[in-house]
Peer 1: 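Sending over a structure as structure tokens; questions will come in a sec.
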Number of protein chains: 2
Amino acid sequence: MDIRELEYFVTVSELQNFTAAANKLHISQPAISKSIHKLEEELGFQLLDRTQKKVLLTEEGTVFLDLAKDILARMIAAQNTMIEYKNLTRGNFRIAVPPLLGAYVFPQLFADFKKSYPSLDMSVYEDGSSTAVDLVRNEDVHVGLIILPSNLTDLHSHLITSQEIVVCLPTDHPLSNEPFLTFEQLKDEPIILYNEGFVLRKIILDEYAKHNIVPSVALSTNQFQTIKALVAKGVGISFLPKNSIKVVNHVTKIPLHPHLFLDMGLIWKPDKILPLACKAFIDFVNDFTYK
Amino acid sequence: MDIRELEYFVTVSELQNFTAAANKLHISQPAISKSIHKLEEELGFQLLDRTQKKVLLTEEGTVFLDLAKDILARMIAAQNTMIEYKNLTRGNFRIAVPPLLGAYVFPQLFADFKKSYPSLDMSVYEDGSSTAVDLVRNEDVHVGLIILPSNLTDLHSHLITSQEIVVCLPTDHPLSNEPFLTFEQLKDEPIILYNEGFVLRKIILDEYAKHNIVPSVALSTNQFQTIKALVAKGVGISFLPKNSIKVVNHVTKIPLHPHLFLDMGLIWKPDKILPLACKAFIDFVNDFTYK
DNA sequence: TGGTATGATAACTATAAGTTATTATACGGA
DNA sequence: TCCGTATAATAACTTATAGTTATCATACCA
């Protein structure tokens with residue numbers, strides 16, 4: 001019992017005519033005869049009554065017609081669903097986005113991607129409990145948005161944007177008019193950082209360490225907004241990606257000397273077969289330029 | 001996209017192994033490989049990830065697996081349904097049963113048939129508006145239970161039972177002790193008959209006519225019970241099949257001379273393909289002896 | 001009653017499903 | 001780290017079957 005046989009049977013039933021069905025299906029009439037006979041042989045009774053001029057369904061044929069139509073409809077529905085996946089009008093994937101990147105790189109990326117692929121869904125994992133790299137390695141997510149480079153010989157990666165890290169000072173700070181600042185100039189300033197575990201914290205502390213300075217950490221938080229507000233209030237200075245803070249009242253941004261950059265990119269597991277939606281996202285990111 | 005391909009895909013997905021699936025399906029492993037490749041080719045993307053030791057579903061494969069399983073389940077359900085029709089554990093047909101036969105031949109027949117084929121259903125058409133013969137000719141029903149013979153060259157028929165028609169008299173009637181009765185003896189008795197359109201009425205009136213007697217019809221009814229009650233009350237005499245009245249108070253049954261018989265049988269349209277359930281009924285009736 | 005339409009049948013062809021033999025590769029144990 | 005095993009892919013070939021053309025039998029309509 002074959003899908004093709006069902007299709008032939010349904011067509012003959014509807015047209016009540018073998019020859020017409022053959023024409024509609026673009027095959028010869030004997031092929032239809034053979035197929036229907038095979039089906040009837042297999043079932044053990046007649047489905048069609050050919051004694052009259054018109055081909056009519058037997059009682060059993062009527063029952064079988066309904067079943068066959070249902071199966072064919074589901075077959076077509078399944079094909080259409082898969083075509084949607086193929087056409088990227090359906091699909092979803094999982095992406096890990098750490099808080100820092102979720103705050104300012106991801107929204108733009110997401111919005112632009114959605115404009116191109118409105119039907120594709122992504123599930124965002126922003127949990128701070130595992131790093132994005134681990135989530136990708138464990139295949140809990142298909143791709144991760146991270147600060148590059150890490151030691152990622154086992155993962156593919158793609159750079160999205162390189163952002164300069166700038167010093168954030170209260171506007172009325174004595175250093176706020178300098179064209180650039182060095183870590184030496186900042187050694188006595190209390191600083192506001194992300195909590196332990198955030199990549200940006202580590203990068204800043206590593207820079208201080210390079211200059212053999214032990215900074216005074218006024219406060220740690222996992223909230224981007226909190227950092228900005230605390231800087232504005234004069235609690236301390238901070239370091240943030242240049243574009244993450246457009247215009248904030250009472251906060252001045254000054255580049256470091258030498259310049260300090262933060263590379264952000266996408267990572268995924270090589271060899272692992274990704275959802276088409278995720279491949280589309282990777283390709284999209286490839287062409288994406290962060291504004 | 002073929003049922004067989006779906007079956008292979010589902011088996012491989014469940015066993016996570018091409019070779020094991022091939023063994024289970026009793027075909028060679030390359031046949032499975034080819035089939036899965038064909039499916040993937042057609043859909044335009046991979047369903048299975050063979051990069052690991054175990055064969056794993058891709059995201060699209062997971063979606064397709066559900067759809068494929070559903071289609072296969074419905075295919076099997078359809079086959080099982082048709083097997084039930086074949087095995088006569090499912091099925092139904094339509095039968096015309098005129099009121100007279102519905103009252104005493106049919107109940108026995110129906111009960112015995114149901115004992116042999118408890119899952120088969122029959123829809124009984126007992127409407128007096130069309131005759132059973134017409135209902136069979138128009139294919140409103142598959143078979144009819146009728147008084148034979150009629151002029152039925154266009155229909156197949158099968159005799160079920162031949163019943164003697166007896167005179168029904170009140171027990172205190174002067175003729176109630178006769179061993180048999182002739183129409184001559186009954187010419188002045190008021191008679192109670194079925195309504196116009198009932199076969200038995202016509203048979204009785206035809207018999208009177210043969211003897212050139214115009215009987216006095218006291219009353220006509222379409223109710224079997226009414227006839228019996230009216231005879232018991234002495235309103236008139238009547239004529240009924242011998243076995244239709246077992247023992248009724250105040251009613252005596254006396255054979256006619258010469259004997260008058262009523263042949264009852266089943267009719268159906270030749271060439272017309274009947275439901276298997278109906279064929280089973282015809283075969284059953286063939287072996288049936290009316291008690 | 002003869003012509004047309006239609007399904008069945010027979011013989012043949014083409015397609016595709018399946019087979020065996022073999023290769024490439026990933027994984028696990030020593 | 002390397003070898004042996006398990007497993008999927010590939011190639012070449014065979015078989016099964018779906019489809020074709022040609023033709024016949026039959027039912028219906030004018």
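Letters go in sequence order (proteins before strands), and every chain restarts at 1.
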Peer 1: If you draw a 6.0 Å radius around NZ in A/Lys202, do more than 12 non-hydrogen atoms from other residues or ligands fall strictly inside?
Peer 2: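 Count not over threshold, so no.
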
Peer 1: Less than 4.0 angstrom between a side-chain N/O of B/Arg50 and OP1 or OP2 of D/dA9, yes or no?
Peer 2: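 Checking B/Arg50 against D/dA9: at least one side-chain N or O falls below 4.0 Å of OP1 or OP2.
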
Peer 1: Please determine, for the side chain of B/Glu5, which listed nucleotide (D/dA18, C/dA17, C/dG7) has the closest atom?
Peer 2: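 In terms of side-chain proximity for B/Glu5, the closest of D/dA18, C/dA17, C/dG7 is C/dA17.
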
Peer 1: Distance check needed: D/dT20 P versus A/Asn23 CG, whole Å only.
Peer 2: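 A/Asn23 atom CG is separated from D/dT20 atom P by 11 Å.
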
Peer 1: Measure the CG-CG distance between A/Asp271 and B/Asp49 for me, rounded to the nearest 0.5 Å.
Peer 2: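 Between A/Asp271 CG and B/Asp49 CG, I get 9.0 Å after rounding to 0.5 Å.
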
Peer 1: Using the side-chain heavy atoms of B/Tyr8, tell me which of these nucleotides is nearest: C/dG18, D/dT20, D/dT10.
Peer 2: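 The closest nucleotide is C/dG18.
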
Peer 1: Going by the side chain to side chain contact (heavy atoms under 4.5 Å, CB included) test, name the single residue among A/Phe93, A/Tyr117, A/Phe110 that passes it with A/Phe281.
Peer 2: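 For A/Phe281, the side chain to side chain contact (heavy atoms under 4.5 Å, CB included) test succeeds with only one of A/Phe93, A/Tyr117, A/Phe110, which is A/Phe93.
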
Peer 1: Would you call B/Asp70 and A/Arg74 a salt bridge, taking side-chain N to carboxylate O under 4.0 Å as the test?
Peer 2: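 Answer for the salt bridge query: yes.
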
Peer 1: Can you tell me how far P of D/dT21 sits from CD1 of A/Ile32, to the nearest Å?
Peer 2: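 Result: 14 Å.
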
Peer 1: Could you check which of C/dG7, D/dA6, D/dT10 has an atom nearest any side-chain atom of B/His37?
Peer 2: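 When the side chain of B/His37 is considered, D/dT10 is the closest of C/dG7, D/dA6, D/dT10.
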
Peer 1: For a quick check of understanding: with a heavy-atom distance under 4.0 Å over all strands, which category does A/Lys38 fall into, base, sugar-phosphate or nothing?
Peer 2: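 Sugar-phosphate contact only - A/Lys38 comes under 4.0 Å of backbone atoms but never of a base.
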
Peer 1: Which nucleotide wins on minimum distance to the side chain of B/Lys34, given the candidates C/dG18, C/dT9, D/dG19?
Peer 2: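 The listed nucleotide nearest to B/Lys34's side chain is C/dG18.
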
Peer 1: Nearest to the side chain of A/Gln29 - C/dT19, C/dA5, C/dA8?
Peer 2: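 Nearest to the side chain of A/Gln29 among the choices is C/dA8.
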
Peer 1: What integer distance in Å separates B/Leu39:CG from D/dA8:P?
Peer 2: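 To the nearest whole Å, that distance equals 17 Å.
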
Peer 1: Using a cut-off of strictly less than 4.0 Å, decide whether B/Ser33 has a side-chain nitrogen or oxygen near OP1 or OP2 of D/dA9.
Peer 2: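 Checking D/dA9 against B/Ser33, a side-chain N or O does come within under 4.0 Å of OP1 or OP2.
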
Peer 1: When you measure from the side-chain N and O atoms of A/Thr51 to the phosphate of D/dA27, is any distance below 4.0 Å, counting only OP1 and OP2?
Peer 2: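 For A/Thr51, the contact criterion (side-chain N or O under 4.0 Å from OP1 or OP2 of D/dA27) is not met.
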
Peer 1: Return the value, rounded to whole Å, for the distance between atom CD1 of B/Ile36 and atom P of C/dG18.
Peer 2: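 So the two atoms are 12 Å apart, to the nearest Å.
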
Peer 1: Starting from P on D/dT10, measure out to CD on B/Glu41 and report it in whole angstrom.
Peer 2: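 In whole Å, D/dT10 P and B/Glu41 CD are 11 Å from each other.
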
Peer 1: Under 4.0 Å: is that the gap between some side-chain N or O of A/Asn17 and OP1 or OP2 of C/dG7?
Peer 2: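 Affirmative; the distance criterion is met.
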
Peer 1: Over how many whole Å does the gap from B/Asp49 atom CG to C/dT25 atom C1' extend?
Peer 2: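 These atoms are roughly 14 Å apart.
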
Peer 1: Hey, which sits more toward the 5' end of DNA chain D by its nearest nucleotide, A/His26 or B/Val55?
Peer 2: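 Result: B/Val55.
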
Peer 1: When all nucleic acid strands are considered with a 4.0 Å heavy-atom cut-off, which category describes A/Ser28: base, sugar-phosphate, or nothing?
Peer 2: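 Contact class for A/Ser28: base.
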
Peer 1: Tell me which nucleotide among C/dG7, D/dG19, D/dA8 gets nearest to the side chain of A/Ile27.
Peer 2: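 Minimum distance to the A/Ile27 side chain belongs to D/dG19.
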
Peer 1: Using 4.0 Å as the upper bound for N to carboxylate O, is an ion pair formed by A/Lys34 and A/Glu5?
Peer 2: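 Salt bridge flag = no for A/Lys34 with A/Glu5.
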
Peer 1: Can you confirm whether or not the ring centre of B/Phe64 sits under 6.0 Å from the ring centre of B/Phe9?
Peer 2: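 For B/Phe64 and B/Phe9, the ring centres are under 6.0 Å apart.
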
Peer 1: Which of these nucleotides, D/dT20, C/dG7, D/dA8, is closest to any side-chain atom of B/Phe18?
Peer 2: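 Given the options D/dT20, C/dG7, D/dA8, the side chain of B/Phe18 is closest to D/dA8.
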
Peer 1: For B/Leu56 and D/dT7, give me the distance from atom CG to atom P, rounded to whole Å.
Peer 2: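 Taking atom P of D/dT7 as the reference, CG of B/Leu56 is at 14 Å.
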
Peer 1: Can you identify which nucleotide, out of D/dC28, D/dT10, D/dA18, has its nearest atom closest to the A/Gln52 side chain?
Peer 2: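 Of the candidates, D/dC28 comes closest.
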
Peer 1: Closest to the A/Pro30 side chain: D/dG19, D/dT21, D/dA9?
Peer 2: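 Closest nucleotide among those given: D/dT21.
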
